[in-house]
Amino acid sequence: MCYHFVIKKYYQNEQKMLKKKIIIANWKMGPDSIKEATGFVSQIFKKIYFLKNKPKIVICPPLPYISEIKKNVSSNKNNDLNIGAQDCFYEDKGPFTGEISSLSLKSLGVKYITIGHHERRLRGETNEIVNKKLKNLLKNGFTGILCVGEIEKDETGNYLKFIEEEIRECLKSIQKNYLKNIIVAYQPISNLLNENKNLLHTHEIKQISIFIKKILVEICGREIGLEIPIVYGGNFDKKNFEFFFLESGTDGLLTEKDVFKKDKFLELIKLFDNVK
């Protein structure tokens with residue numbers, strides 16, 4: 001059966017369930033100092049306190065900053081701001097120089113871990129490795145943020161097969177009751193790598209979101225599959241944000257642009273406050 005027909009048919013038979021929206025901010029290697037990092041978080045706390053529809057915010061800073069930022073978050077007692085990690089290893093202990101176990105991250109108060117990010121995949125991380133990491137972190141009580149996305153898009157729809165293979169291989173042999181604790185982040189890699197390329201149309205993102213949801217339902221069953229959040233990890237137009245967000249059918253954003261520019265990041269959070 002044609003993939004595009006499956007997408008259309010599935011969309012006609014399923015209604016999107018309302019959830020609290022999510023912003024995942026991947027800090028990558030920045031900022032340059034712990035002072036900048038904690039100062040940024042403090043300012044965000046002050047600005048978002050009175051927002052009514054603020055999303056759940058997950059900040060994924062570099063490992064050296066996690067402990068101090070967690071202290072800041074705990075002292076503010078804000079349930080809408082959570083700390084995540086950018087990666088973890090798939091073993092709890094052992095002679096693995098330079099790696100970090102999910103149990104070590106747990107001791108720092110981390111609740112979310114991003115895996116399969118497109119930058120790591122482009123450096124050789126395979127679906128098999130991502131699967132092992134996901135099994136480990138879910139077993140240890142984390143929420144896993146699984147990144148998937150095509151390297152290049154083709155008119156024949158083979159990129160959909162690529163995305164499906166990623167999802168199925170990354171979720172292979174994981175107990176269904178663990179899969180309720182994942183978030184899927186769609187990263188259109190070909191679009192991200194080419195800054196001059198046009199932004200994806202809203203209907204394209206909606207189609208991918210529905211397609212991913214269909215695969216999740218097949219793997220996890222309807223009860224779990226329909227509840228798994230899908231966030232968009234690509235570029236978008238802030239001027240048309242409300243239309244984009246409502247029409248794209250996603251549950252939030254994985255954002256990496258402007259995450260250290262306090263006013264820009266706050267502007268993004270406020271955009272969610274306007275979405276009804």
Side-chain angles (χ1 to χ4, degrees), residues 18-88 100 102 104-115 117 137-138 140-147 180-185 227-233 236 238 241 245 250-276:
L18 295 176
K19 308 181 185 74
K20 189 174 182 65
K21 307 308 178 186
I22 307 166
I23 296 180
I24 303 163
N26 176 21
W27 285 15
K28 301 189 180 184
M29 289 179 65
D32 295 332
S33 71
I34 187 64
K35 182 178 180 181
E36 290 179 83
T38 54
F40 179 84
V41 173
S42 296
Q43 289 298 315
I44 294 300
F45 268 128
K46 294 176 182 177
K47 298 292 186 179
I48 70 173
Y49 184 79
F50 295 104
L51 297 181
K52 294 180 180 180
N53 299 318
K54 57 181 173 288
K56 180 184 288 292
I57 302 169
V58 180
I59 293 178
C60 299
L63 179 62
Y65 302 159
I66 288 178
S67 184
E68 284 300 314
I69 291 176
K70 179 59 181 176
K71 291 178 184 177
N72 194 307
V73 171
S74 298
S75 65
N76 281 275
K77 298 179 180 180
N78 190 321
N79 294 328
D80 292 314
L81 202 154
N82 302 269
I83 302 302
Q86 297 176 20
D87 191 42
C88 72
I100 180 72
S102 61
S104 296
L105 292 170
K106 194 171 189 176
S107 71
L108 297 177
V110 169
K111 296 181 179 180
Y112 296 80
I113 301 178
T114 300
I115 53 169
H117 189 278
L137 68 89
L138 291 174
N140 288 327
F142 293 89
T143 295
I145 303 166
L146 172 63
C147 299
K180 63 186 179 182
N181 295 321
I182 67 170
I183 297 169
V184 176
E227 288 290 337
I228 295 174
I230 298 173
V231 300
Y232 175 61
F236 61 94
K238 291 182 181 179
F241 181 81
F245 196 83
T250 57
D251 299 299
L253 296 170
L254 168 61
T255 182
E256 299 166 348
K257 188 177 182 180
D258 296 334
V259 289
F260 305 123
K261 299 176 182 177
K262 181 189 59 174
D263 293 336
K264 294 288 186 180
F265 189 65
L266 179 61
E267 177 188 351
L268 178 58
I269 296 171
K270 286 183 175 179
L271 289 173
F272 278 89
D273 197 46
N274 295 325
V275 175
K276 301 297 186 288

Next item on the list: Would you check if the side chain of Lys20 reaches a backbone N or O of Lys54 as a donor-acceptor pair within less than 3.5 Å?
Entry: yes
Margin query: Has Asn181 got a side-chain atom pairing as donor or acceptor with Thr143's backbone, closer than 3.5 angstrom?
Written below: no
Note to self: Do Leu266 and Lys270 make a side-chain contact, defined as non-hydrogen atoms from C-beta onward lying under 4.5 Å apart?
What the structure shows: yes
Next item on the list: Could you list the residues that satisfy side-chain contact (heavy atoms from CB on, under 4.5 Å) with Leu271, not counting sequence neighbours?
Entry: Lys238, Phe241, Leu268
Check: Who passes side-chain hydrogen bond (donor to acceptor under 3.5 Å, both in side chains) against Glu36, sequence neighbours left out?
Finding: Ser33
Note to self: Using 0.5 Å steps for rounding, measure from the CD1 atom of Ile24 to the SG atom of Cys147.
What the structure shows: 7.5 Å
Checklist line | Set of ring-ring contact (aromatic ring centres under 6.0 Å, His included) partners for Phe142, sequence neighbours left out | finding: none
Notebook entry, point to check: Roughly how far, to the nearest 0.5 Å, is CG of Leu253 from CD1 of Ile57?
Noted result: 11.5 Å
Next item on the list: Please tell me if the side chains of Thr250 and Val231 come closer than 4.5 Å, counting only heavy atoms from C-beta onward.
Entry: no
Check: Atom CD1 in Ile183, atom CD1 in Ile145: separation rounded to 0.5 Å?
Finding: 5.0 Å
Checklist line | Pair Lys71 + Glu68: basic N to acidic O under 4.0 Å | finding: yes
Checklist line | Glu256: side-chain hydrogen bond (donor to acceptor under 3.5 Å, both in side chains) partners, not counting sequence neighbours | finding: Asn26, Lys28, His117
Next item on the list: Quick one: pull up CD1 in Ile83 and CD1 in Ile59 and give me the separation to the nearest 0.5 Å.
Entry: 5.5 Å
Notebook entry, point to check: Does the Lys21 side chain pair with the main chain of Phe272, one donor and one acceptor, at a distance under 3.5 Å?
Noted result: no
Note to self: Suppose we screen for side-chain hydrogen bond (donor to acceptor under 3.5 Å, both in side chains). Which residues come up paired with Thr38, at least two apart in sequence or across chains?
What the structure shows: none
Next item on the list: With sequence neighbours excluded, tell me which residues meet ring-ring contact (aromatic ring centres under 6.0 Å, His included) with Tyr65.
Entry: none
